[in-house]
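Worksheet: the structure to be examined is printed underneath.
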Amino acid sequence: MSQLKVYNSLTRTKEVFQSITPGRIGMYVCGPTVSGESHLGHARPFITFDIVYRYLMHLGYKVRYVRNITDAGHFEEEGREAEDKISKKAVLEKLQPMELVQKYTNLFHWAMHQFNNLDPAIEPTATGHIIEQIVMIEKIIVDGYAYVSNGSVYFDVEKYNTDFSKLGQPYGILSGRVLDDMLETTRELDNQEEKRNKADFALWKNAPPEHIMRWQSPWGEGFPGWHIECSAMSAKYLGSEFDIHGGGMDLQFPHHECEIAQSTVCNHIMPARYWLHNNMITINGKKMGKSYNNVIKLTELFSGNSPVLEQAYSPMVIRFFILQTHYRSTLDFSNEALQASERGLKRLWEAYNNLSKYEARGTKYEVADDVELDKKVNALLDEFDDFMNDDFSTAKVLANMFELVPVINGIKDKHISPTALSSKTIEALQAKMKTYLEDIFGLKDEQETNDNKLDGVLQLLINIRKDARAKKDYLTSDKIRNELANIGIQLKDEKDGNMSYSVA
RNA sequence: GGUCCUGUGGCCGAGUGGCUAGGCAGAGCUCUGCAAAAGCUCCCACAGCGGUUCGAAUCCGCUCGGGACCUCCA
């Protein structure tokens, strides 16, 4: 089998993945800021890295997946009046800050479960790691890479760049930026007088009196800077050097760049080996984001309750939609695209259901009757692993699955002889589809029809309809079918006279 | 302004220089009491203009368009 290769933003190449500790992987993914409701754009990294997580485990690794909750509230750092987002909104909604944070944390967890994302192994909060952050900042000051100014602490980017360029790790290594260029082109911003240099970033901010969220520190009351929490928490739970650091592309600069600088000063090593970044979800070609005022919240998406939505889209449809493209490509949202995903997923899932219901054959077929087809099926299945190993090409795996759909349905409908494929191939097909669809892609049946009573009722109706049809009483048979269709249950006449149903 | 990405058929999207991904939609057919579902077949696109090459969607150049980051952002 091929080796796993991942695209490393740090080297801008696809590299063979090798874990630091054999058999084990440490993965850190930047989690949500729980000052508001999650939107479709947020869903992408968490679904993307859920699949990475699942696939790494599928490969046999023991993975410690750490994803933080940012609940300390970032400030609008430069150019605007310093304000803690969370404390400001708390005043508006007349809630305690921690109450607000809890509310959105719960909502976030709810959404993650809707998407069938596995829980991370550790989900540390920024507020729970203030001490660790302070300790880290102190260390950076002692080492001479940060300075205190008016109760705040700033990281000295220029000094870092000068010293670490010599070690082959200049500031900007991750995002491909050159500090000198940035100094020339960065816009003039207000409130910069505390900083020695405009590229410097805050490690700790002095809290103005109106801030509700504040902590004691050696530099007075304040709150941690934007980037330090991830550095502190990743080092605490994964060590100074860990395997994978993930997040959205918009975090590459400055967030991850700053993490690298801080962590390297503290721990004398580049924190992560592989930096993975997912691309953005766009809407009408524009990034979905707060700044653009074009977000679709997840609750709106699931309920269809938004002017831009023609209908509700279920969590699995969104998951499938995201899987249909490579994680490093932008993905454009539209009703048409989501509806196409909905239909495509339905067809794929029904084929998968048919496949799992294949009746066991009495005898084993060692040799396939249709050698060509047997070969083709095995080739398509084998490629699943190759595609995933090639930087998680879920889109290609799905394409292969769709090529298998006609084979699966053909056998079920008996267009294709049940002995066309060898027993071994059938078993491989069943096992691999299950592994990939359920275990790795994390898709699941959304129909809540595994209810014995409902099934019993439907079987009764099906039997009545069968009798009616046998008597050519099409008035009755059509009535049953049409009225069930009206309430969203579709009856399908099968070729062999049987009937099946699906709930929309 | 700086850095970078990108432009694929009606729509969404894979694409490592040669072997026409896939999905959705559309057309025809098969099956069927009818319908749906399913199956089969069709629909050979790569922004434009040059160049490299035996051969380019894929490499290079230019032009035009779109976007991201540089500021909170997944």
Side-chain angles (χ1 to χ4, degrees), chain A residues 12 14 29-33 35 38-49 73-80 83 85 172 175-178 181-182 184-187 189 199 226 246-255 277-282 284-292 295 320-321 324-326 328-348 350-351 354 387 390 393-403 405-410 412-416 469 472-474 477-478 481-482 485 490-495 500 502:
Chain A
R12 277 166 271 273
K14 243 183 244 177
V29 173
C30 290
T33 300
S35 60
S38 297
H39 59 76
L40 176 59
H42 295 109
R44 191 162 192 200
F46 305 132
I47 289 173
T48 298
F49 287 103
H74 294 322
F75 43 89
E76 308 290 347
E77 192 190 351
E78 294 166 353
R80 293 169 214 186
E83 61 180 6
K85 271 201 283 190
S175 55
R177 268 158 237 266
V178 177
D181 294 348
M182 287 175 54
E184 281 170 24
T185 59
T186 306
R187 288 186 268 167
L189 298 161
W226 174 30
M249 267 183 193
D250 48 355
L251 294 181
Q252 203 170 335
F253 189 91
H255 185 57
H277 292 102
N278 64 275
N279 215 317
M280 304 291 106
I281 285 183
T282 58
N284 297 322
K286 278 249 192 304
K287 173 184 162 185
M288 187 179 285
K290 286 173 212 168
S291 328
Y292 298 99
V295 301
F320 178 79
F321 175 62
Q324 268 185 307
T325 178
H326 190 266
R328 279 189 293 107
S329 300
T330 55
L331 175 58
D332 200 53
F333 167 89
S334 68
N335 281 286
E336 211 180 351
L338 260 296
Q339 283 159 16
S341 288
E342 186 176 74
R343 292 186 189 131
L345 175 60
K346 185 166 188 263
R347 191 160 84 95
L348 180 62
E350 286 186 358
N354 291 336
F387 291 156
D390 185 14
S393 291
T394 54
K396 287 179 154 190
V397 175
L398 285 176
N400 274 23
M401 286 183 176
F402 274 106
E403 289 204 53
V405 164
V407 179
I408 292 168
N409 288 335
K412 183 208 160 232
D413 288 346
K414 307 195 169 58
H415 297 128
I416 297 173
R469 287 187 71 203
K472 296 204 190 300
D473 177 7
Y474 296 124
S477 70
D478 284 355
R481 187 177 65 196
N482 294 339
Q490 185 181 45
L491 284 189
K492 291 178 236 178
D493 295 342
E494 312 258 316
K495 225 188 153 196
S500 62
S502 67

How does RNA chain B read in dot-bracket, base by base from 5' to 3', with Watson-Crick or G-U pairs under 3.5 Å and | used when the partner is on another strand?
-> (((((((..(((.....[...))).(((((.......)))))....(((((..]....))))))))))))....
Distance in Å, [X] [atom1] paired with [Y] [atom2], rounded so as to fall on 0.5 Å steps:
X      : Y      : atom1 : atom2 : value
A/T325 : A/N278 : OG1   : CG    : 11.0 Å
A/T48  : A/H277 : OG1   : NE2   : 12.5 Å
A/D493 : A/S500 : CG    : OG    : 8.5 Å
A/N354 : A/D413 : CG    : CG    : 7.5 Å
A/K287 : A/M280 : NZ    : CE    : 6.0 Å

Would you mind reading off the distance between [X] atom [atom1] and [N] atom [atom2], rounded to a whole angstrom?
X      : N      : atom1 : atom2 : result
A/R343 : B/rC12 : CZ    : P     : 16 Å
A/D493 : B/rA37 : CG    : P     : 12 Å
A/D390 : B/rU16 : CG    : P     : 9 Å
A/K14  : B/rU16 : NZ    : P     : 7 Å
A/E342 : B/rA25 : CD    : C1'   : 14 Å
A/F333 : B/rG13 : CZ    : P     : 12 Å
A/N400 : B/rG15 : CG    : C1'   : 13 Å
A/Q324 : B/rG15 : CD    : C1'   : 16 Å

Under the salt bridge (charged side-chain N to carboxylate O under 4.0 Å, His left out) test, residues paired with [X] that sit two or more places apart:
X      : value
A/E350 : A/K346, A/K492
A/D473 : none
A/D332 : none
A/R44  : none

Taking [M] as the reference, what is the distance to [N] when you measure between their [atom1] atoms (whole Å, please)?
N      : M      : atom1 : result
B/rG7  : B/rG48 : C1'   : 11 Å
B/rC46 : B/rU8  : P     : 11 Å
B/rC59 : B/rU16 : C1'   : 13 Å
B/rG17 : B/rC54 : C1'   : 12 Å
B/rC43 : B/rG9  : C1'   : 9 Å
B/rC70 : B/rC60 : C1'   : 29 Å
B/rA14 : B/rC4  : C1'   : 23 Å
B/rG39 : B/rU52 : C1'   : 46 Å

When you get a sec, tell me which of B/rC12, B/rA25, B/rG33 is the closest nucleotide to the side chain of A/R469?
->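 Between B/rC12, B/rA25, B/rG33, the one nearest the side chain of A/R469 would be B/rG33.
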For the side chain of A/A337, starting at C-beta, report the closest nucleotide among B/rA37, B/rG15, B/rC12.
->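 Looking only at side-chain atoms, A/A337 lies closest to B/rC12.
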Which residues pass the side-chain contact (heavy atoms from CB on, under 4.5 Å) test with [X], not counting sequence neighbours?
X      : result
A/T330 : A/N279, A/T282
A/H39  : A/H42, A/M288, A/V295
A/R177 : A/S175, A/M182, A/F253

Mark yes or no for a side-chain to base donor-acceptor pair under 3.5 Å between A/R12 and B/rC4, with no hydrogen or angle criteria applied.
-> no
Any donor-acceptor pair under 3.5 Å joining the side chain of A/R481 to the base of B/rA36?
-> no
List the atom of A/R347, the atom of A/F402, and the distance in Å for their closest heavy-atom pair.
->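 It is NH2-CD2, 3.9 Å.
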Smallest separation among heavy atoms of A/S341 and A/F321, with atom names =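 Taking every non-hydrogen atom into account, OG-CD1, 3.4 Å.
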Where do N or O atoms of nucleotides 63-69 of chain B meet protein N or O atoms at under 3.5 Å, pair by pair?
residue, atom, partner, partner atom, Å
B/rG67, OP1, A/K286, NZ, 2.7
B/rA68, OP1, A/Y292, OH, 3.1
B/rC69, OP1, A/K287, NZ, 2.2
B/rC69, OP2, A/Y292, OH, 3.1
B/rC69, O2', A/R177, NH2, 2.9

Given RNA chain B, 5'-ward residue of the pair A/P32 and A/F402, judged by closest heavy atom |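 Its nearest nucleotide being more 5', the pick is A/F402.
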Comparing A/L331 and A/E403 on RNA chain B - which has the more 5′ nearest nucleotide | A/L331
Please name all residues satisfying ring pair (Phe, Tyr, Trp, His ring centres under 6.0 Å) with A/F46, sequence neighbours left out, ordered by chain then number.
-> A/F108
What's [X] touching, base or sugar-phosphate or nothing? Going by heavy atoms closer than 4.0 Å.
X      : answer
A/D478 : base
A/H277 : nothing
A/S477 : base

Protein N or O to nucleotides 5-8 of chain B N or O, pairs below 3.5 Å:
none

Filtered N/O pairs between nucleotides 38-43 of chain B and protein, under 3.5 Å:
residue, atom, partner, partner atom, Å
B/rA38, O3', A/N409, ND2, 2.9
B/rA38, O2', A/D413, OD2, 2.5
B/rG39, OP1, A/N409, ND2, 3.2
B/rG39, OP2, A/R347, NH1, 3.2

With side chains defined as the heavy atoms from C-beta onward, is the minimum distance between A/Q324 and A/L331 less than 4.5 Å?
-> no
